[in-house]
Amino acid sequence: MNNQTIDAMSLGVSDVWKRRFELFDTLGAQERGRSDVFKSSAYKNLSWKDRLLLSFNPLAFVGGFVYYLYKGMVGKAGLIFSVTMLWSALLLAVEYLLGVRFPHMCYWLPPSAMSAQLANFDYYRKLTQGESLWKGWHPSFYRRYGVTQMVLGSVGVFAAVLLFVTHFQYSTADARNSDQAIRIDCGLEKVYVMPNELDLFGKEALCRHF
């Protein structure tokens, strides 16, 4: 990581970013970690608008890791993408094992919220100190292909879980998009059906069908 310090106000950024950088400079963000900055009394004494300006980035919320790529934070974009893939794989596995169905927003909301909360401080540190990854990460991530390996590994995990769940989880046409669907266990196979279908055909017949 490049540790050179640059005057934030000399950078060619928009007025909104200049205001953010001015506030971060005031809070000593070049020498302090994100947690220290946002837990400081100086931050808590800012107006609610300034606190929101520093702590939330709406474009990063919408764009996630793509926003990070756009801002040139490639390493962190790769890690956020990896976290997104692993989070999705975890939710798929939980759905399969416990028979629950999460709303679609559960897949994208946590990674988006994380990106929105981190983006402003990360971009400040990138432009003022050349920071490419978060401090405290294992040294292997700083190697030439460390982040790439993480990305490929997370994609592999997600693909494996998705293929497994797709192969062993089924639903009838009526149950596919219904909140009233119930799950029956047929060994490894998990079948979602409507209550009236279960009453009409019975579990054994439905399991044989799938």
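Worth knowing before you read on, the calculation uses all heavy atoms, side chains too, and leaves out hydrogens, waters and symmetry mates. Note that the numbering runs from 1 along the sequence shown for the chain. Remember, predicted model here, so these are calculated numbers, not experimental data.
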**OP:** Identify the heavy atoms of Ala116 and Ala60 that sit nearest to each other, and give their distance.
**Re:** CA-CB, 3.9 Å
Subject >> Same cluster (ILVMFWY, side-chain, under 4.5 Å), Val94 and Leu91 >> reply: yes
**OP:** Please name the pair of heavy atoms, one in Val147 and one in Leu79, separated by the smallest distance, quoted to 0.1 Å.
**Re:** CG1-N, 4.2 Å
Subject >> Residue pair Leu54 / Phe24, side-chain heavy-atom distance below 4.5 Å >> reply: yes
Original post:
Any cation-pi pair here, Arg20 with Trp17, using under 6.0 Å and within 45°?
Top reply: yes
Original post:
Is any side-chain heavy atom of Phe38 less than 4.5 Å from a side-chain heavy atom of Leu27?
Top reply: no
**OP:** Of all the heavy-atom pairs spanning Leu86 and Met150, show the shortest one and how long it is.
**Re:** CD1-CE, 4.0 Å
Original post:
Given the rule that I, L, V, M, F, W and Y join up when any side-chain heavy atoms are under 4.5 Å apart, are Val62 and Phe81 in one cluster?
Top reply: no
Original post:
Is there any disulfide (SG to SG under 2.5 Å) pair reaching into residues 51-122, and which pairs are they, with sequence neighbours excluded?
Top reply: none
Original post:
What distance separates Ile80 CD1 from Ser112 OG, expressed to the nearest 0.5 Å?
Top reply: 10.0 Å
Subject >> Non-neighbouring partners of Ala160 that pass side-chain contact (heavy atoms from CB on, under 4.5 Å), sequence neighbours left out >> reply: none
Original post:
Can you list every pair that meets disulfide (SG to SG under 2.5 Å) and has a residue in residues 36-100, with sequence neighbours left out?
Top reply: none
Original post:
Counting heavy atoms not belonging to Asp199, are there more than 12 under 6.0 Å from its CG?
Top reply: yes
Original post:
Any side-chain heavy atom of Val100 sitting closer than 4.5 Å to one from Phe102?
Top reply: yes
**OP:** Taking the side chain as every heavy atom from C-beta outward, state whether Gln117 and Arg34 have any atom pair closer than 4.5 Å.
**Re:** yes
Original post:
With sequence neighbours excluded, what pairs up with Cys207 under the disulfide (SG to SG under 2.5 Å) test?
Top reply: Cys186
Subject >> side-chain contact (heavy atoms from CB on, under 4.5 Å) between Tyr43 and Ser55, worked out >> reply: CA-CA 10 Å; Tyr43 171 77; Ser55 63; 3.5 Å; yes
Subject >> Where Met105 and Pro110 come nearest, the two heavy atoms and their spacing >> reply: O-CD, 4.0 Å
Original post:
In Å and rounded to the nearest 0.5 Å, what is the CD to CG distance from Glu22 to Leu53?
Top reply: 10.5 Å
Subject >> Shortest non-hydrogen contact between Ser171 and Arg176, atoms and distance >> reply: O-NH2, 3.5 Å
**OP:** Identify whether the distance between the nearest side-chain nitrogen and carboxylate oxygen of Asp185 and Arg183 falls below 4.0 Å.
**Re:** yes
**OP:** Report yes if the side chains of Lys126 and Lys76 come closer than 4.5 Å at any heavy-atom pair, otherwise no.
**Re:** no
Subject >> Lys190 NZ/CZ over Tyr96 ring centroid, <6.0 Å and within 45° of normal >> reply: yes
Original post:
Do Trp108 and Trp87 share a hydrophobic cluster, counting only Ile, Leu, Val, Met, Phe, Trp and Tyr and linking them when any side-chain heavy atoms are less than 4.5 Å apart?
Top reply: no
**OP:** Please determine if Arg19 forms a cation-pi arrangement with Phe21, meaning its NZ or CZ atom is less than 6.0 Å from the six-membered ring centre and no more than 45° off the ring axis.
**Re:** no
**OP:** Report the distance from atom OG1 of Thr26 to atom CG of Leu46, rounding to the nearest 0.5 Å.
**Re:** 8.0 Å
Original post:
Under 4.5 Å between any side-chain heavy atoms of Phe56 and Pro58, yes or no?
Top reply: yes
Original post:
Would a 4.5 Å heavy-atom cut-off, applied to side chains only, mark Phe61 and Leu109 as touching?
Top reply: yes
**OP:** Could you walk me through whether Gln169 and Tyr192 pass the side-chain contact (heavy atoms from CB on, under 4.5 Å) test, one step at a time?
**Re:** CA-CA 8 Å; Gln169 189 166 270; Tyr192 286 90; 3.8 Å; yes
**OP:** Report yes or no: do Leu152 and Leu133 belong to one cluster of Ile/Leu/Val/Met/Phe/Trp/Tyr joined by side chain heavy-atom distances under 4.5 Å?
**Re:** no
Original post:
Which heavy-atom pair separates Thr84 from Pro111 by the least distance, and what is that distance?
Top reply: OG1-CB, 3.4 Å
Original post:
Which value, rounded to the nearest 0.5 Å, describes the distance between Ser41 atom OG and Lys44 atom NZ?
Top reply: 8.0 Å
**OP:** Measure the spacing between OG1 of Thr166 and CZ of Phe164 and express it to the nearest 0.5 Å.
**Re:** 10.5 Å
Subject >> Nearest-0.5 Å distance that lies between atom CG in Asn196 and atom CZ in Phe201 >> reply: 8.5 Å
Scan the side chains in residues 66-75 for donor-acceptor partners under 3.5 Å anywhere in the protein, sequence neighbours excluded, and list what turns up.
residue, atom, partner, partner atom, Å
Tyr67, OH, Asn57, ND2, 3.2
Tyr68, OH, Ala119, N, 3.2
Tyr68, OH, Asp122, OD2, 2.6

Original post:
Between Asp179 and Arg101, does at least one N-O distance fall below 4.0 Å, as a salt bridge requires?
Top reply: no
**OP:** Identify, with sequence neighbours excluded, every residue that meets side-chain hydrogen bond (donor to acceptor under 3.5 Å, both in side chains) alongside Glu197.
**Re:** Thr172
Subject >> Cluster overlap Leu92 with Leu98, hydrophobic side-chain contacts below 4.5 Å >> reply: yes
Subject >> Donor-acceptor contact present, side-chain Asp36 to main-chain Arg32, <3.5 Å >> reply: no
Original post:
Less than 4.5 Å apart, any side-chain heavy atom of Gln30 and any of Tyr124?
Top reply: yes
